[in-house]
2 protein chains.
Amino acid sequence: MDQPLPRDPIAEAQRNWVRRGWEAQAAPMAAITAIMRTQQLLMLRIEGVLKPFALTFSRYELLTLLAFTRRGELPMSRASSLLQVHPTSVTNAVDRLQAAGLVDRAPHPLDRRTTLVRLTTDGRDLARRATDALNREVFTDTGFEADDVDALIGILARFRQQAGDFDPA
Amino acid sequence: MDQPLPRDPIAEAQRNWVRRGWEAQAAPMAAITAIMRTQQLLMLRIEGVLKPFALTFSRYELLTLLAFTRRGELPMSRASSLLQVHPTSVTNAVDRLQAAGLVDRAPHPLDRRTTLVRLTTDGRDLARRATDALNREVFTDTGFEADDVDALIGILARFRQQAGDFDPA
DNA sequence: TCCACATGGTTGGATGTCCAAGTATAGTCC
DNA sequence: GGACTATACTTGGACATCCAACCATGTGGA
């Protein structure tokens, strides 16, 4: 899987789709498959940068989300909503971050259903160091051209909005 | 997680990045995070369409790849290369498809290291029906605008090429 | 002919995803 | 005040990802 293929496998699949008579669906299929592959490439790269910190991207995202709150804490349901992952994914991430001493769970003062997840000092420090590494090694030179970055942001925001991710206003 | 958020969480994260002084990295970070979320949305949608066929996207892709070959078979290493997944992911997919009677494993006539994975009649039929469903329910109306589909294809092809996925020629 | 290197595929393991179901708690309405 | 609905989070499970290590086989060069 390290060796470049002689041809773009997704362009090939697109041609196959056209050959089978699915012309209207060929380009959308290719775009979606390209998104899947691009995500995979980026994930491998990001996980590679985070590995020395004993972090995965999922756990990193939760730490960073907490680091951006005023008090370094959030209800788990809120974290699930903002990170746009299933509540069980947050449970999983909090379990592992808590075992590593990077967050704590705390009861909500007024609502016994709610668990607050709170950043520890170690967690805040690691979030900062991991962000420095990602900024330096991924976000400074992503492999996208600058114009493409802006275009992607626009296109994917329109898509996410029509998918119901956030309100139009 | 079903309710739209009042604001775009990724745009919010981008503003947070700028506030922290990481201006050059903010847009690339947002583009990458948007790719992650878009992939997740598309995957949920695709898995939803495939579920009645007792297929996952990963298994579907292998079936479709085989359906496009002349003889309905490929060496597993070739499948790994074309699908751009780790060999263990192909082993996993073949195990499950084989258990479901959708593919068979066969020895290579000339190379005892190599295992061929071969589509069965049931597998070919299921690949066709699942493709019909995906064409109808996902690829005909993806949620992307038509211009955006073409732009995505171009942008992501450039990215995948610079990442070493395929040769420039 | 033998050895070193490469290839193909598997196994065990770690990880994170979401679904279904369950329990505890809170809110609303009659 | 009680019943019903909703919310928060967990647990168990299915699934697929990739990594590390291993074994069997093939290739090429000395």
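Labels below follow one simple rule: chain letters A, B, ... track the order of the sequence lines, proteins then strands, and each chain is numbered from 1.
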Let's go through B:Arg59 and B:Asp95 carefully: what are the C-alpha distance in whole Å and the side-chain angles of both, what is the deciding distance for salt bridge (charged side-chain N to carboxylate O under 4.0 Å, His left out) to 0.1 Å, and is it a yes or a no? CA-CA 10 Å; B:Arg59 280 180 258 158; B:Asp95 283 350; over 6 Å; no
Nucleotide [N], atom [atom2] - distance to [atom1] of [X] in whole Å:
| X | N | atom1 | atom2 | value |
| --- | --- | --- | --- | --- |
| A:Gln84 | C:dG16 | CD | P | 19 Å |
| B:Leu116 | C:dG8 | CG | C1' | 12 Å |
| B:Gln39 | D:dA16 | CD | C1' | 12 Å |
| B:His86 | C:dT15 | NE2 | P | 16 Å |
| B:Asn92 | C:dT15 | CG | P | 18 Å |
| B:Met43 | D:dA16 | CE | P | 10 Å |
| A:Ile46 | C:dT15 | CD1 | P | 18 Å |
| B:Leu83 | D:dT17 | CG | C1' | 14 Å |

By nearest heavy atom, map A:Lys51 and A:Met76 onto DNA chain D; which one lands nearer the 5' end?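 So the residue in question is A:Met76.
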First encountered from the 5' end of DNA chain C, between A:Leu55 and A:Arg113: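 The answer here is A:Leu55.
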Under 3.5 Å: donor-acceptor pair, side chain of A:Thr69, backbone of A:Leu66: yes
Looking only at side-chain atoms of B:Arg105, point me to the closest of C:dT10, C:dG16, D:dA8.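 Out of C:dT10, C:dG16, D:dA8, the nucleotide with an atom closest to B:Arg105's side chain is C:dT10.
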Looking at the side chain of A:Leu44, which of C:dG9, D:dC19, D:dC9 is the nearest nucleotide? D:dC19
Do the side-chain N or O atoms of [X] get closer than 4.0 angstrom to the phosphate oxygens (OP1, OP2) of [N]?
| X | N | result |
| --- | --- | --- |
| A:Ser80 | D:dA8 | no |
| A:Thr91 | D:dT10 | yes |
| B:Thr56 | D:dC15 | no |
| A:Arg96 | C:dG16 | yes |
| A:Arg112 | D:dA8 | no |
| A:Gln40 | D:dA16 | no |
| B:Ser58 | D:dA16 | no |
| A:Ser89 | C:dC18 | yes |

Please walk me through it: do B:Leu97 and B:Tyr60 pass side-chain contact (heavy atoms from CB on, under 4.5 Å)? CA-CA 9 Å; B:Leu97 289 169; B:Tyr60 166 77; over 6 Å; no
When you group the ILVMFWY residues by side-chain heavy-atom contacts below 4.5 Å and let the links chain together, are A:Ile10 and B:Phe68 in the same group?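 Per the 4.5 Å side-chain linkage, B:Phe68 and A:Ile10 are not co-clustered.
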Kindly say whether, by distance alone, the side chain of A:Thr88 makes a donor-acceptor pair under 3.5 Å with the base of C:dC19? yes
Assess whether a salt bridge exists between B:Asp125 and B:Arg128, defined as any Lys/Arg side-chain N lying under 4.0 Å from an Asp/Glu carboxylate O.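 Yes, charged N to carboxylate O under 4.0 Å.
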When rounded to the nearest 0.5 angstrom, what distance separates CG in B:Leu152 from CD1 in A:Ile35? 5.0 Å
